Amino acid sequence: MSHVHRPARLLDPGLCLTLRPMAYPAFFEMYRAAIKNTWTVEEVDFSTDVGDLRGRMSEAERHLVQRLVAFFATGDAIVANNLVLSLYRHINAPEARMYLSRQLYEEALHVQFYLTLLDTYVPDPDERHRAFAAIENIPSIRRKAEFCMRWLDAVQGMERLDEREQRRRFVLNLICFAACVEGLFFFGAFAYVYFLRSRGLLHGLAAGTNWVFRDESAHMRFAFEVVSTIRREEPELFDAALTSDVQAMIAEAIDCETQFAEDLVGGGVAGLSVRDIRQYLEFCADQRLATLGMPRRYGVKNPLPFMELQDVQEVANFFERRVSAYQVGVTGQVVLDAAF
Ligand SMILES: [Fe+2]
Ligand SMILES: [Fe+2]
């Protein structure tokens, strides 16, 4: 069974089962780090959120929340689908597939979180069904889903990555889901949550989002590590045409997300403008491009001060999560990494 042996390159077709010697220890370390960050939906306390929605929020703010939750309800399911149909199939290293298995679980957890959120926020069954059908009924959400599906379809039917063109298509799929879906659509969505938190609203949503934010940041780190591994092994794939395809893809993702922003805050939510959200997306896009080793394009500052705080929050959150991971029954020693 020659296919079980370690291939020369990460994208070479097959089912590699060789964990020792380990070719890509960085992926295994990411898997271990993810296990240490276990959380559960049951830990999130939504008790004050319902009161906020009923009594402390304007009609425009309630509309924002409803649309946001409608997007969340389907976004992670699309990512999970791509994980199985594209990434798990083609990234041929067992340690990388261990990470992807863990990520798949985390995406299911996110779906569970947003399902619980939606059930809690939208008690009326008819309204709830409409929210779950958002992908068909709400144009700004449908457009984002179509964008994802186009890049998912681009790799469908590819059993193996034998040709350069197939490898290139896979790299674009990987970059799309990491940089545009997790890195822009989700980061854009998190911005609304932290805007509301900065107003003292929806603490349950913000608490769960802290965990999701942390997970999504890790998913991106993994995907970008895969990209830089492929670049090391096959630098010829990363030519000027790829950079320009990635730039066009990111520009389109920003347009999709801006349309979503017009839908969410276009009716006038005090303190949050479509312009600021677009600039925040451009700021994030530059970070994604820099991580990919591609030139920055937008040259803008982060216009949302409450997202700066998020970095600090993440460090505090890191320690909290160790405690909660311990409480939910992770056995063995829970020790802090030397870096912290
Ligand atoms: Fe997710
Ligand atoms: Fe993710």
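Only heavy atoms go into these numbers, but all of them, side chains included; no hydrogens, no water, no symmetry mates. Position 1 is the first residue of the sequence, and the numbers go up from there. Note that the structure is a prediction, hence the values are computed from the model and not measured.
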**Asked** Without hydrogens or angle criteria, can the side chains of His110 and Asp215 be said to hold a donor-acceptor pair below 3.5 Å?
**Response**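 Yes, side-chain donor-acceptor contact under 3.5 Å.
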
**Asked** Under 3.5 Å, is there a donor-acceptor pair between the Tyr114 and Asp76 side chains?
**Response**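 Looking only at side-chain atoms, Asp76 and Tyr114 do not form any donor-acceptor pair under 3.5 Å.
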
**Asked** Leu184 and Ile250: side-chain contact (heavy atoms from CB on, under 4.5 Å), yes or no, with the steps?
**Response** CA-CA 9 Å; Leu184 289 176; Ile250 286 179; 4.1 Å; yes

**Message:** Under 6.0 Å from the ring centre and within 45 degrees of the ring axis: does the NZ or CZ of Lys144 meet both conditions for the six-membered ring of Phe260?
**Reply:**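 Output yes; distance and angle both within limits.
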
Salt bridge [X]-[Y], side-chain N to carboxylate O under 4.0 Å:
X      : Y      : answer
Arg168 : Asp245 : yes
Arg278 : Glu282 : yes
Arg150 : Asp153 : no
Asp239 : Arg164 : yes
Glu136 : Arg142 : no
Arg169 : Glu165 : yes
Asp286 : Lys301 : no

**Request:** Apply side-chain contact (heavy atoms from CB on, under 4.5 Å) to Trp39 and Leu109, showing your working.
**Result:** CA-CA 9 Å; Trp39 61 283; Leu109 197 62; 3.5 Å; yes

**Item:** Sub-6.0 Å ring centroid separation between Phe27 and Tyr99
**Value:**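 Between Phe27 and Tyr99, the centre distance exceeds or equals 6.0 Å.
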
**Message:** For Phe187 together with Tyr280, are the ring centres under 6.0 Å from each other?
**Reply:**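 Ring-ring flag for Tyr280/Phe187: false, centres at least 6.0 Å apart.
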
**Request:** Given ring-ring contact (aromatic ring centres under 6.0 Å, His included), test Tyr194 with Phe306 step by step and report yes or no.
**Result:** CA-CA 6 Å; Tyr194 292 124; Phe306 48 85; 8.0 Å; no

**Request:** Count the heavy atoms belonging to other residues, nucleotides or ligands that lie under 6.0 Å from CZ of Arg32, then report whether that count exceeds 12.
**Result:**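 Counting other residues, nucleotides and ligands, CZ of Arg32 stays at 12 neighbours or fewer.
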
**Request:** Answer yes or no: does atom CZ of Arg275 have more than 12 heavy-atom neighbours from other residues, nucleotides or ligands under 6.0 Å?
**Result:**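 Check fails, neighbour count at 12 or below.
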
**Prompt:** Which one of Glu252, Gln259, Glu257 satisfies the side-chain hydrogen bond (donor to acceptor under 3.5 Å, both in side chains) criterion with Arg143?
**Reply:**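 For Arg143, the side-chain hydrogen bond (donor to acceptor under 3.5 Å, both in side chains) check succeeds only for Gln259.
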
**Request:** Show your reasoning for whether side-chain hydrogen bond (donor to acceptor under 3.5 Å, both in side chains) applies to His219 and Glu216.
**Result:** CA-CA 5 Å; His219 300 167; Glu216 297 305 348; 3.1 Å; yes

**Request:** Tell me, with the steps shown, if Arg197 and Val193 meet side-chain contact (heavy atoms from CB on, under 4.5 Å).
**Result:** CA-CA 6 Å; Arg197 182 181 65 183; Val193 174; 5.6 Å; no

**Prompt:** Pick from Arg20, Arg102, Arg6: which one makes a salt bridge (charged side-chain N to carboxylate O under 4.0 Å, His left out) with Glu95?
**Reply:**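 Only one option passes, and that is Arg6.
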
